[in-house]
Amino acid sequence: MKMQRGISVAAAVALLAIAVTGCQKKEAAAPVAETIKLELYYYKQENQEGLKNIVKAFEAANPGITIDMIIIPNDSDAAMSARAAQNDLPDIMQMQSYARVQEYASQGYLVDLTDTEALGRVISSSLPAVTWNGRQYALPMDFAGIGIVYNKKIFSDLNLQPPETYRDLEQVCATLKKNGIVPFAALLKENWSAGHFITLVHTALLKEKNSSPADFIKKMNSGDASYGDVDTKRLFSILDFYRKNMNDNAEEMGGSEQQQSFANGEAAMMVQGLWSYVDARNLNPNLDAGFIPFPVYNDASLNVMYADIDSTFGVSSQSSKEQQDASIQFINWLSSYEGQRLWVQEYKLTHSFIGGQFSALGVPYDDLMNSVAKKGSYPWAFSQYPSEVFEDACKNGAQQYMMHRLSAHDVIERIDAQWEYSVQ
């Protein structure tokens, strides 16, 4: 019995030693960190590969974080609103500036980014585009302009000068048509470009009424103004002129068709942002283009670029704390030297950070920056409209008008009605 007890005790001691050793080894082993998975929503469909390459570079520099990307290029508000209602917004969201940021911030959907490294690196003039109640709820990313991208070779061959006034533009279009060249590459199959155009002209026409876009929007919000308070006869005559100088099959042309028409020299101009120039240049690497304001007036001093902060990046407050921190890590990385470099090199857009260098993007980008530095710009008023007004009434209204399916009166009436409904 004693021997059996002795053996039992020895065995117990041995087992205890093994157990303790095992515990010590387990405690000493480094914990395996779980990968944080994020979802990034974006709407800018141009140069998608460039943004994907930026995300890949971030993942390589931050191996504990992966980012899945989803795109909803047009009319994404309904999809995002549905996800917000389900408490399932993407962790990182590319949003249009002003109204969209302010709307989401006011509903508590966005994380306050005011004190992040990234916001400390942007130019101060970009901050209003992402501010609500004195705090910043998104990173203002690219500064962009909407105007006329023109083919410099065609202009040179026909001895044409870039138009500085509306009268100049009429003469240029007449010469182009006389020589069998379409003046403006069309984009009417999709509604967003028409929405940009009507708001571009409308914003410029506020100037002769001595009304700033901010004052006009304030009056619209209070019910003390109408979208027809500008010279609507002139507004819609310019839309008519634009439509008459497009491709014959304008209603069948989307973004890719527009860029093809411009890139192959069928059309000499396109009213667009420089995001479209990137795609046109990919189709024709030898494309030599310039960029000018769309001249609404016959006084050249009043024709300035329609330019402002375009896209922003926000972080969803519906995400977990861990996902929010990782998303802010991405936001801060975008503002780093490497992030800025890749944004220009890969996405081929300007950015809002102090000391930005954009000459590598090409002449049209220099034209944009030089024009704004010399003459100033009109703000992107559509970004400050209630989002439903621009998404539904302006985009659809302008498109349907240029397709001869709505009257000018109908368009104004629908914009006013949607605006009144949106601010109730």
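This structure is a prediction, so every number in the text was calculated from the model and none was measured. Sequential numbering from 1 along the given sequence is applied to the chain's residues.
Using a cut-off of 4.0 Å between Lys/Arg side-chain N and Asp/Glu carboxylate O, D224 and K218 are scored as not salt-bridged. Under a 4.0 Å N-O distance rule, the pair D288/K153 does not qualify as a salt bridge. Salt bridge K321/D325: present, at least one basic N to carboxylate O contact under 4.0 Å. Taking the charged nitrogens against the carboxylate oxygens, E39 and R83 do have a contact shorter than 4.0 Å, which makes a salt bridge. Contact check on K52 versus E49 returns a salt bridge, with a Lys/Arg side-chain nitrogen under 4.0 Å from an Asp/Glu carboxylate oxygen. A salt bridge does not link K37 with D91: every distance from a Lys NZ or Arg NE/NH1/NH2 to an Asp or Glu carboxylate oxygen is 4.0 Å or more. In summary, E251 and R405 engage in a salt bridge, as defined by a charged side-chain N under 4.0 Å from a carboxylate O. Between R167 and D299, none of the side-chain N atoms (NZ, or NE/NH1/NH2) sits under 4.0 Å from a carboxylate O, so this pair counts as no salt bridge.
Between the side chains of E103 and S387, at least one donor-acceptor pair of N or O atoms lies under 3.5 Å. N332 and E117 share no side-chain donor-acceptor pair at under 3.5 Å. Residues R281 and Y277 bring a donor and an acceptor atom of their side chains to less than 3.5 Å of each other. With 3.5 Å as the limit, one finds a donor-acceptor pair spanning the side chains of Q48 and Y42. Using modelled atom types and a 3.5 Å distance limit, the side chains of S319 and Q324 yield no donor-acceptor pair. Side chain to side chain, S212 and D215 meet the donor-acceptor criterion of an N or O pair below 3.5 Å. For the residue pair W275/D142, the side-chain donor-acceptor check at 3.5 Å is not satisfied. Looking at D168 and T165, their side chains do bring a donor and an acceptor atom within 3.5 Å of each other. Side chains of N62 and Q329: a donor on one and an acceptor on the other come within 3.5 Å. Between the side chains of S422 and Q418, at least one donor N or O sits under 3.5 Å from an acceptor N or O. Side-chain contact check for D308 and Y98: at least one donor-acceptor pair (N or O, by modelled atom type) lies under 3.5 Å. Under the 3.5 Å distance criterion, with hydrogens and angles disregarded, no donor-acceptor pair is assigned to the side chains of R100 and Q96. Donor-acceptor pairing under 3.5 Å is lacking for the side chains of D240 and S237.
What you find for K375 and S301 is that their closest heavy atoms are CE-O, 4.4 Å. Considering every non-hydrogen atom in both L200 and I146, the closest pair reads CD1-O, 3.8 Å. Contact between A185 and M270 at its shortest, heavy atoms only, is CB-CB, 4.1 Å. Across all their heavy atoms, A204 and Y297 have their closest contact at O-OH, 2.6 Å. Closest of all the heavy-atom pairs between M305 and G145 is CG-CA, 4.5 Å. Between G195 and T199, the shortest heavy-atom distance links the atoms O-OG1, 3.0 Å.
Side-chain atoms of Q340 come within 3.5 Å of backbone N or O of S335 as a donor-acceptor pair. In this structure a side-chain-to-backbone donor-acceptor pair under 3.5 Å is present from W343 to T350. Not a single donor-acceptor pair under 3.5 Å links the side chain of S317 to the backbone N or O of V111. Checked by atom type and distance alone, the side chain of S352 never pairs as donor or acceptor with a backbone atom of I123 at under 3.5 Å. Side chain of D229 to backbone of A225: no donor-acceptor contact under 3.5 angstrom is found. Remark: side-chain polar atoms of S327 are paired, donor with acceptor, to backbone N or O of Q323 under 3.5 angstrom.
The aromatic rings of F294 and Y242 sit perpendicular to each other, their planes meeting at more than 60°, with 30° as the lower class boundary. In this structure, Y41 and Y43 have tilted ring planes: the angle between them lies in the 30° to 60° band.
The OH atom of Y150 lies 7.5 Å from the CZ atom of F155; values are rounded to the nearest 0.5 Å. In this structure, CG in N396 is found 8.5 Å from CZ in R414, a value given to the nearest 0.5 Å. Separation of atoms OH (Y347) and CD1 (I54) is listed at 7.5 Å; rounding is to 0.5 Å.
Taking the ring centroids of F358 and Y365, they lie at or beyond the 6.0 Å cut-off.
At least one cation-pi condition fails for R243 and Y401: the charged atom is not both under 6.0 angstrom from the six-membered ring centre and inside a 45 degree cone around its axis.
With H202 as reference, F216 is the one residue of F382, F216, Y378, F197 to meet the ring pair (Phe, Tyr, Trp, His ring centres under 6.0 Å) rule.
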